[in-house]
Asks: 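This is the structure, below, for whatever I ask next.
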Amino acid sequence: MSTAALITPSLIAKTFNSSGIETVPTAVENAFTLPALPYSYDGLEPYIDKMTMEIHHTKHHQAYVTNLNKAVKENNILGSLEEIIKSAGKYPPAVRNNGGGHWNHTFFWTLMRPNGGGAPTGKAADAINKSFGDFEKFKTAFNDAAMKRFGSGWAWLVKQDNKLEIGSTPNQDNPLMDVSEFKGTPLLGIDVWEHAYYLKYQNKRADYVNAWWNLINWDQVSANL
Ligand SMILES: [Fe+2]
């Protein structure tokens, strides 16, 4: 997917990496901004409902952006979002939580698309088959990581050196963080906070995770490799 879809006109002077993550070093007020979704709020129906998407984007993600801007200003932190989260251990918890929240959600939106899903394609398919045997084995292991993450957090597929690994992180931790219990370059990730699924799926995380496979943007996963 083109990252241009994530750039609003007012942000045109800024730059974004291949995952749509903002890369402009700055510490001015409101330095970080909420990216537009690359689809409409009802674009992921019936797997993720419109109200969940709207609240998730305009309330939860926006709160991470607002609170990250506050934290970088208060602590006079300079750097791109990626630089900041890679050094999260140097900063107060508000930077770790909200910087991770902004990065993780910006990444997450790009990993889904209307009429997505199916089996992996291209580079993603080759790498998954090489590391896990086949797609079904990979899916089983990834679902397991998503289900076993206690409380709020994320399950991830990451690249570590030349191999792929599956793991999970608590809260808004991210595998790029120096303080993360699971490290690597994120290729795919799923938000398993209840705010991502509770309105439609209530407490049934497994139903949400199973439905989410119908949305995967495999072109973006290949681009992340
Ligand atoms: Fe979320």
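Sequence positions, counted from 1, serve as the residue numbers for this chain. Here the structure is a predicted model, which means the values were calculated and not measured. Whatever order the structure lists ligands and atoms in, that order sets their numbers, starting from 1.
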Asks: Tell me the closest heavy-atom pair linking Phe135 and Ile128, and the distance in Å.
Replies: CA-CG2, 4.4 Å
Asks: For residues 142-155, run the donor-acceptor check on the side chains, cut-off 3.5 Å, and write out each pair with its distance to 0.1 Å, sequence neighbours left out.
Replies:
| unit_1 | atom_1 | unit_2 | atom_2 | d |
| --- | --- | --- | --- | --- |
| Asn143 | OD1 | Trp213 | NE1 | 2.7 |
| Asp144 | OD2 | Lys148 | NZ | 3.1 |
| Arg149 | NE | Ser168 | OG | 3.2 |
| Arg149 | NE | Thr169 | O | 3.4 |
| Arg149 | NH2 | Ser168 | OG | 3.2 |
| Arg149 | NH2 | Glu181 | OE2 | 2.9 |
| Trp154 | NE1 | Gln172 | OE1 | 2.8 |

Asks: The Fe ion (ligand 1): which protein N, O or S atoms are under 2.8 Å away?
Replies: His56 NE2, His105 NE2, Asp191 OD2, His195 NE2
Asks: Is a side-chain donor or acceptor of Asp191 paired with a backbone partner of Trp193 at a separation under 3.5 angstrom?
Replies: yes
Asks: Less than 4.5 Å apart, any side-chain heavy atom of Leu187 and any of Asn224?
Replies: yes
Asks: Before giving the answer on side chain to side chain donor-acceptor pair (under 3.5 Å), spell out for Thr52 and Asp49 the whole-Å C-alpha distance, their side-chain angles and the decisive distance to 0.1 Å.
Replies: CA-CA 6 Å; Thr52 294; Asp49 61 286; 2.7 Å; yes
Asks: Have His61 and His56 got a donor and an acceptor in their side chains that come within less than 3.5 Å?
Replies: no
